[in-house]
Novice: 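Input: one structure, supplied below.
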Amino acid sequence: MRVGVLAAWWLVLTGLLVWAASRFQGFPLAAAREAAVADHAFRFLMLMASPVFTLVMAALLYSVLSRRGQGDPPEPPPYVPEHPAVPRVWFALTAALAAYVIYNPGLVGLAEMREVPLSQLLGSSPGGRVRLASLGGAEGDLVVRVRASRWLWQFEYPEQGIAARELVLPVGRRVRFEVTATDIVHSFWVPAFRTKIDAVPNLTTYLHVTPTRTGSFEESVDLRVQCAELCGVGHALMASPVRVLEPEKFDAWVAQQARR
Amino acid sequence: MRVTGPVLKGLLYGAVGYVLGGPVLAAVVRAAGGSFPFDLELAAGSVLGTVGWLAGVGMWDVWARGWFGLPLRSWPEDDGVARYFRFTTDHKVIGIQYLVTFLGLLFLGGALAMLMRWELMRPGMQLLTLNGFNQVMSLHGIIMIAVAVAILLGGLGNYCVPLMIGAHDMAFPRVNALSYWLTPPVAVMLLASLLVGGWDSGWTAYPPLSTVNAPGQVLMIVAVVIFGLSSILGGINFLVTIARMRAPGMTWGRLPIFVWSVFAASLLSFVVTQYLAASLLMVLLDRVAGMSYFHFARGGTPVVYQQLFWFYSHPAVYIMIVPAFGAALEVITHFARTPLYAYRWVVGAFLGIVGLSTIVWAHHNFTSGMPDWMHAPMLATTEAISVPTGLVFLSALGTLLRGRLWLRTPMLFALAWVWNFLIGGITGIFNADVATDLHLHDTYFVVAHFHYTIMGGEIFALLAAVYYWYPKITGRMYDERLGRLHFWWSFLAFNATFLPMFWAGLHGMNRRIADYPAALGSVNLWTSLAAFLLGASFLVFLYNFVVSWVRGPRAEANPWQASTLEWQVPSPPPVENFPAPPAVVGAPYVYGMPGVRHAVLGAAGGSER
Ligand SMILES: [Cu+2]
Ligand SMILES: [Cu+2]
């Protein structure tokens, strides 16, 4: 009976939460392939967490509502020996759940984020070539060199021979960011892209992003390069606008910059 | 004078030590034509100042004289309030010293949080400058880290562990006193850093920023290294005490769960704290000795610091939270009036957490540009920690479901711990998962997550434990009505403050910022108002804590009719704890087993009920 009541509580609460989590839309603007991967993983984790959360809630609510004792202090209930199977089953179930979450969205999401097959991800072991780089290889449709200094961003387009203080990208192209800093550690983050990489002095770090929709900082503050690593006085204000353009408009922007 | 003498002497010797080690030494070296940077002056001065302080406050008289063949001096053991203001070796005195000192620091850190929330209430700058905000944020961070590391272990661990294992004191009482008396200079240095420009690199002090910022950083480094020393000494003391000082019959399987949690946390703090000291000392050497570990202009490698730093600082969260697990489970089992469910599994879980926590550190570095092959294993080990943590939940829930709950204030806080830590734990998965963490890292999502684990988890468990052991420690009963008011007020305000922060982080509010885009205005306004309510709720606690200690009704030896040893002696216990070592004859929690006992006390023992 007690187990039945608890299970009923759990099922009802889980149903409610799964319903809410599967409809969760509370994400900021998603403007890149990477954002879709991250948001999918986020929603999936919410779904996986729902039955765990509600199990604890059900047990907590049930015990407070129907296991309250009488008296100061209540008379202890007669001791019943523990069934040895319960912790074992609990351990096995939680271990299985953890293993699954490690696999998906853990490793699967990591591979998707880096656009490499899972096998290659696990193959890039210490025995192989150690790269201070994100996987995903050198290829990209467009290279942007990002340079962080206290407290501003500079963007260089080496293939186009231009530089800018605003990040302008063509939609649908895979961009390879080569990031570094001139003084201290900063972090290159565009909330609408859902990914970031530190800008470290004496080191070049890499990040690949494929923007999937046009837009600008004026339309959404999520389209900004925001420094995400504490870098002193100007840290909070170290942001630059991002604009994602149709390819032909991007080409026009490049041409215009080159004339400057 | 009898009361304040040692502290005044300590301050005087400390000041002399500072002047000799700092300005005087610097003047001598400079007069001889050498160079002595101001950073070095600060560092050398504060180290010697700390030595002077220790000597003055009584370490010289009761301990160090012996090293030079001089006769030791001692104070009467039972000397009223004066005991609390000098180098006393009684673990109960030290426990109270820790508890009161770090509650004071908790309030100070909380006040700094209020200041930050005032600044963040609206977009734009209201009260602080950009740099001022960074200083306040850094100070809040490090003070709260110190509180979280020391308040449960140093305060309640010191007070309760010897009593709970039937010992008359800790294994090394003088080392214990040293551990405590090292902490006031830490607080002084952290606050004094504001006089030399403060520091703006947060509690994490990432270089190269920390190699080039204001000299306040030096005081922070010395303070944290000294605090680490105190932590290591405390860890060794607990390990030896629990291993060697248990009463006859107190086998490892009969230890109360709080004692096990202190053991596990001490093992961690003994093993990993030196990595924090090492990483900070490297920063200090970059600053004062011209080394180039991290300095950008000299070709340093800043990412190495982050690996070393987190090799301590991730396990550190378990140094904070494992004793909280123990305290919460202790309260839950006594107030559910039933033995702790799955006791052996929980002990295994504690030790499993200790082991696993040392191989997860780089989950803080997913976006740092570290080698890519480290992502997958760190993600896996981090998420694996949810398995032993899950066993802690199993134990709590199994005990609750099998018990008859007595919903007094300690139990209410322990139940809140289940809720808060559940949210903290689940959101931790989102930070361990690379696909979601690349966005969430260094945002308010992380801020919310670690406040749910450390404040909602540890501090709520601490409050459960403080209310629980209050009558034992003070010999007085707290006011139950105020306790309940504090519970409901702080629990609701806590969740109202920190739940919206997850949303803010997801929506692009990064952490450690003095200002933010106007689009995030309403969530920050709400958070600030809720935070002020949360801060105010602690005034209820403060009032109850202080007034009950002075005027509360006298507490019996065992007001909770609890089974463990500390409740079998008078409240507060006499200096030597037990007239004779108690004989432990059974498991620690013997509820619902008529005729079964945990321990038998000597003839002069306290009230056995
Ligand atoms: Cu920054
Ligand atoms: Cu960590």
Side-chain angles (χ1 to χ4, degrees), chain A residues 28 37-38 41-42 45 49 53 56 59-60 63 67-69 73-74 76-79 87 90 94-95 98 101-102 105-107 109-110 113 121-122 124-126 130-132 134-135 183-185 187 191 194-198 200-203 205 221-222 226 228-233 235-236, chain B residues 130-131 200-202 206 208-209 296 299 302-303 337-339 341-342 345 367-369 371-373 375-376 379-380 383-384 386-387 390 393-394 397 400-401 403-407 415 418 422 426 429-430 433-436 438-439 441-442 507-508 510 512-515 517 519 561 591-593:
Chain A
V37 173
F42 193 98
L45 282 176
F53 183 76
V56 178
L60 204 56
S63 63
R67 299 295 296 171
R68 270 181 92 151
Y79 175 70
W90 176 280
T94 52
V101 171
I102 289 169
L107 301 177
L110 173 59
M113 211 62 185
L121 180 82
L122 298 175
S124 71
S125 62
V130 176
R131 289 177 290 188
L132 277 173
S134 301
L135 283 170
D183 39 35
I184 58 180
V185 180
S187 191
R194 305 286 193 283
T195 183
K196 64 173 73 71
I197 189 78
D198 284 3
V200 185
N202 306 328
L203 187 70
T205 54
V221 289
D222 302 327
Q226 171 75 55
E229 184 62 66
L230 180 58
C231 56
V233 180
H235 171 56
Chain B
L130 289 171
N131 188 43
D200 60 354
S201 59
Y206 275 13
L209 177 57
F296 56 90
V303 284
R337 316 303 294 164
T338 194
Y341 186 70
W345 288 83
T367 70
S368 71
D372 222 45
W373 58 264
H375 287 69
L379 169 164
E383 291 183 2
S386 61
V387 178
F393 277 100
L394 171 73
L397 297 178
L400 290 172
L401 289 173
R404 286 272 180 275
L405 311 194
W406 191 19
L407 295 182
L415 294 173
V418 177
L422 178 65
I426 284 178
I429 307 273
F430 292 74
D433 187 76
V434 177
T436 43
L438 294 181
H439 176 57
H441 178 73
D442 266 331
H507 283 260
N510 49 318
R512 296 164 156 179
I513 48 173
D515 196 12
Q561 298 186 29
Y591 300 102
M593 306 176 200

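Reminder, nothing fancy here: chain letters follow the sequence lines and each chain counts from 1.
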Novice: Between B:L407 and chain A, which part of the residue has a heavy atom less than 4.5 Å away: side chain, backbone, both or neither?
Specialist: side chain

Novice: Give, as side chain, backbone, both or neither, the part of A:D222 having an atom under 4.5 angstrom from any heavy atom of chain B.
Specialist: side chain

Novice: Hey, does B:I426 have a side-chain heavy atom less than 4.5 Å from the side chain of A:F53?
Specialist: yes

Novice: Chain A: which of B:S386, B:S201, B:A514, B:G403 shares the most heavy-atom pairs with it under 4.5 Å?
Specialist: B:G403

Novice: Give, as side chain, backbone, both or neither, the part of B:A519 having an atom under 4.5 angstrom from any heavy atom of chain A.
Specialist: side chain

Novice: Is the shortest heavy-atom distance from the side chain of B:V434 to the side chain of A:M113 under 4.5 Å?
Specialist: no

Novice: Examine whether an atom of B:Y206 lies under 4.5 Å from a heavy atom of chain A, and if so say whether it belongs to the side chain, the backbone or both; otherwise answer neither.
Specialist: side chain

Novice: If I compare all heavy atoms of A:P201 with all of B:P208, which pair ends up nearest, and what's the gap?
Specialist: CG-CG, 3.9 Å

Novice: About how many Å separate CG of B:L400 and OH of B:Y341, when rounded to the nearest 0.5 Å?
Specialist: 12.5 Å

Novice: Heavy atoms only, distances under 4.5 angstrom: which of B:T338, B:N131, B:V387 has the most pairs with chain A? Name it, please.
Specialist: B:V387

Novice: Need one label for B:S368: side chain, backbone, both or neither, based on atoms under 4.5 Å from any heavy atom in chain A.
Specialist: both

Novice: Is any side-chain heavy atom of B:R404 closer than 4.5 Å to a side-chain heavy atom of A:R68?
Specialist: no

Novice: Return the minimal non-hydrogen interatomic distance between A:A228 and A:H235, and the atom names on each side.
Specialist: C-CE1, 3.8 Å

Novice: With sequence neighbours left out, write down each residue that passes salt bridge (Lys or Arg N to Asp or Glu O under 4.0 Å) with B:D442, or none if nothing qualifies.
Specialist: B:R511

Novice: Between A:E229 and A:I184, is there a side-chain heavy-atom distance shorter than 4.5 Å?
Specialist: no

Novice: Quick one: which of A:P77, A:P73, A:G106 has the most heavy-atom pairs under 4.5 Å with chain B, could you say?
Specialist: A:P73

Novice: Under 4.5 Å, counting heavy-atom pairs only, tell me which of B:Y591, B:F393, B:F430 racks up the most with chain A.
Specialist: B:F430

Novice: Under 4.5 Å from any heavy atom of chain A, what part of B:D433 do you find: side chain, backbone, both or neither?
Specialist: side chain

Novice: Measure the CG-CZ distance between A:L203 and B:F296 for me, rounded to the nearest 0.5 Å.
Specialist: 15.0 Å

Novice: Could you report the tightest heavy-atom contact between A:L107 and B:A376, atom names first, then the distance?
Specialist: CD2-CB, 3.6 Å

Novice: Which atoms of A:V200 are under 4.5 Å from chain B, going by heavy atoms: the side chain, the backbone, both sets, or neither?
Specialist: side chain

Novice: Between A:V221 and chain B, which part of the residue has a heavy atom less than 4.5 Å away: side chain, backbone, both or neither?
Specialist: side chain

Novice: Would you say A:R194 and A:P28 make side-chain contact, with heavy atoms under 4.5 Å?
Specialist: yes

Novice: Heavy atoms only, distances under 4.5 angstrom: which of B:D200, B:T367, B:I513 has the most pairs with chain A? Name it, please.
Specialist: B:T367

Novice: Just so I understand: if I count every heavy-atom pair under 4.5 Å between each of B:R512, B:E383, B:H439 and chain A, which residue has the most?
Specialist: B:H439

Novice: Looking at A:A49, A:P191, A:A98, A:P74, which has the largest count of heavy-atom pairs under 4.5 Å with chain B?
Specialist: A:P74

Novice: Heavy-atom pairs under 4.5 Å with chain B: which of A:L110, A:L45, A:T94, A:L60 has the most?
Specialist: A:L45

Novice: Please state whether the side chain, the backbone, both or neither of B:L415 comes within less than 4.5 Å of a heavy atom of chain A.
Specialist: both

Novice: Measure B:L209 against the heavy atoms of chain A and call it side chain, backbone, both or neither at under 4.5 Å.
Specialist: both

Novice: Taking C-beta and beyond as the side chain, do B:H441 and A:S187 meet within less than 4.5 Å on heavy atoms?
Specialist: no

Novice: Looking at chain A, which one of B:D515, B:N510, B:L130 has the largest number of heavy-atom pairs inside 4.5 Å, strictly under?
Specialist: B:N510

Novice: Select one option (side chain, backbone, both, neither) describing which atoms of B:I429 are under 4.5 Å from chain A's heavy atoms.
Specialist: both

